[in-house]
Amino acid sequence: MRMLVLGDLMGRVGREAAIKHIPLLRAALKLDFVGVNAENASHGFGLGPDMADALFAAGADVITLGNHAWDRREIIPYIAREKRLLRPLNYPAGTPGQGAALVTLADGRKVLLAQAMGRLFMDPLDCPFRATEEVLSRHKLGVTTHAILLDIHAEASSEKMAYGHAFDGRVSAVTGTHTHVPTADHQILPGGTAFAADLGMCGDYDSVIGMQKEPATGRFIRKMPGDRLTPAEGPATLCGAFIETDDATGLARRIEPVRLGGRLSPAMPVL
């Protein structure tokens, strides 16, 4: 199975890059599944229902959110009915939406994507490890589903690495989102799980993690709030990872970075 996971879509340029490239990448890489993190798609804060619809129409199979899940309030009734839009699974019981989605592909194979949010330097939530264990108690790789992808939305690379090792051999891939900086540690862990600490963002890298440079830099220099942060709108780099799994086991055969356009050096898997 061939899958693509994209890092945080940052504002209009990140959103438009994803909508443009997802159909092209589905064809070029013969993709079976596409997952997208879109918690920053609406002016850097949250996701609008119309934006989610556009991403699904472009070919995204599942969309994940994160700590900005509720910044656009109109997403709350949308997520309650749209099972392909996920918020972190370790939110308290009773929170609208769900943290995992089992998708049946056109050929009958099944893919589970689940998202957990870290706790280091983040909002205090339930334990992401225990919450993920509960999901995996109901879904076993190679038995109930052909692939399992975990999105760990977290600030600390140490927490993401620990999360990856905790579920190595039980899932197809663990990939991180949230920091907007692509890491070069993509690898297959000893148990057969693909891992990357952060996919990076889909957005303008002539920025401060996707925000316009001057107001963001001023906050660090003056230690005052200053102007409202707004997304940079230069050419976007599409960032993510290509993952290929073994049909017999569901474990990873390869993981490679995907980078298209913008300022970062390009990277594209060769089939």
Side-chain angles (χ1 to χ4, degrees), residues 3-22 24-26 29 31 33-47 51-52 55 58-69 85-88 113-118 122 149-157 159-161 163-164 173-187 194-211 231-232 234-243 255-269:
M3 298 173 284
L4 174 71
V5 283
L6 295 179
D8 308 51
L9 306 188
M10 188 63 185
R12 178 185 59 82
V13 296
R15 197 171 68 240
E16 291 179 352
I19 290 169
K20 173 185 176 181
H21 287 293
I22 287 173
L24 302 175
L25 290 171
R26 287 200 78 114
L29 298 177
L31 297 173
F33 178 89
V34 176
V36 180
N37 182 279
E39 69 143 7
N40 302 123
S42 178
H43 308 287
F45 301 96
L47 175 70
M51 300 170 186
L55 288 166
D61 292 292
V62 176
I63 299 171
T64 59
L65 295 171
N67 55 300
H68 290 291
L85 178 62
L86 304 180
R87 44 76 174 165
L113 192 155
Q115 182 188 52
M117 192 151 77
M122 302 284 281
L149 305 176
L150 300 181
D151 170 4
I152 175 65
H153 196 78
E155 188 77 33
S157 55
E159 187 174 20
K160 295 178 182 181
M161 289 176 180
Y163 185 85
V174 173
T175 53
T177 53
H178 178 65
T179 69
H180 294 199
V181 179
T183 56
D185 62 341
H186 53 280
Q187 60 181 295
F195 175 80
D198 203 283
L199 298 173
M201 70 173 177
C202 299
D204 178 8
Y205 278 83
D206 185 18
S207 66
V208 175
I209 62 168
M211 293 296 184
T237 303
L238 190 86
C239 283
F242 170 80
I243 299 155
I255 176 170
E256 295 185 35
V258 173
R259 294 189 299 271
L260 282 174
R263 301 177 62 85
L264 301 190
S265 59
M268 183 58 58

So does [Y] get a backbone contact from the side chain of [X], meaning a donor-acceptor N/O pair under 3.5 Å?
X	Y	result
Lys160	Thr177	yes
Asp8	Asn37	no
Arg259	Ser265	yes
Asp185	Ala197	yes
Arg26	Gly59	yes
Gln115	Leu65	yes

Ser207: side-chain hydrogen bond (donor to acceptor under 3.5 Å, both in side chains) partners, not counting sequence neighbours: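 Applying side-chain hydrogen bond (donor to acceptor under 3.5 Å, both in side chains) to Ser207 gives none.
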Tell me, please, which residues at least two apart from Glu159 pass side-chain hydrogen bond (donor to acceptor under 3.5 Å, both in side chains).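 Here no residue qualifies.
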Among Asn40, Leu9, Leu85, Thr64, exactly one meets side-chain contact (heavy atoms from CB on, under 4.5 Å) together with Leu47. Which residue is that?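 That would be Leu85; it is the only one of Asn40, Leu9, Leu85, Thr64 passing the side-chain contact (heavy atoms from CB on, under 4.5 Å) with Leu47.
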Hey, what do you get for CG (Leu113) to CG (Asp61), rounding to the nearest 0.5 Å?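 Atom-to-atom, Leu113:CG and Asp61:CG are 9.5 Å apart.
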Applying side-chain hydrogen bond (donor to acceptor under 3.5 Å, both in side chains) between Asp198 and each of Thr175, Thr183, Thr179, report the one that passes.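 Exactly one candidate clears the test, Thr179.
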Is any side-chain heavy atom of [Y] closer than 4.5 Å to one of [X]?
X	Y	value
Met161	Phe195	yes
Met10	Cys202	no
Leu199	Cys239	no

Given Arg87 and Glu39, is the side chain to side chain contact (heavy atoms under 4.5 Å, CB included) satisfied, shown in steps? CA-CA 9 Å; Arg87 44 76 174 165; Glu39 69 143 7; over 6 Å; no
Test Val36 against Ile22 for side chain to side chain contact (heavy atoms under 4.5 Å, CB included), laying out the working first. CA-CA 10 Å; Val36 180; Ile22 287 173; 3.9 Å; yes
Could you give me the CA-CA distance, side-chain angles and deciding distance for Leu149 and Val62, then say whether side chain to side chain contact (heavy atoms under 4.5 Å, CB included) is met? CA-CA 11 Å; Leu149 305 176; Val62 176; over 6 Å; no
Answer with yes or no whether the side chains of Glu155 and His178 bring together a donor and an acceptor at under 3.5 Å.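 Glu155 and His178 do have a side-chain donor-acceptor pair below 3.5 Å.
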Side chains of Thr237 and Arg263: donor-acceptor distance under 3.5 Å anywhere?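 Their side chains do not contain a donor-acceptor pair, so the 3.5 Å distance test is not met.
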Should Lys20 and Glu16 count as an ion pair when the cut-off is N to O under 4.0 Å?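 Glu16 and Lys20: not salt-bridged.
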Please step through side chain to side chain contact (heavy atoms under 4.5 Å, CB included) for the pair Leu260 and Met268, ending with a clear verdict. CA-CA 8 Å; Leu260 282 174; Met268 183 58 58; 3.6 Å; yes
Output all residues satisfying side chain to side chain contact (heavy atoms under 4.5 Å, CB included) with Ser157, sequence neighbours left out; order by chain, then residue number.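 Residues passing side chain to side chain contact (heavy atoms under 4.5 Å, CB included) with Ser157: none at all.
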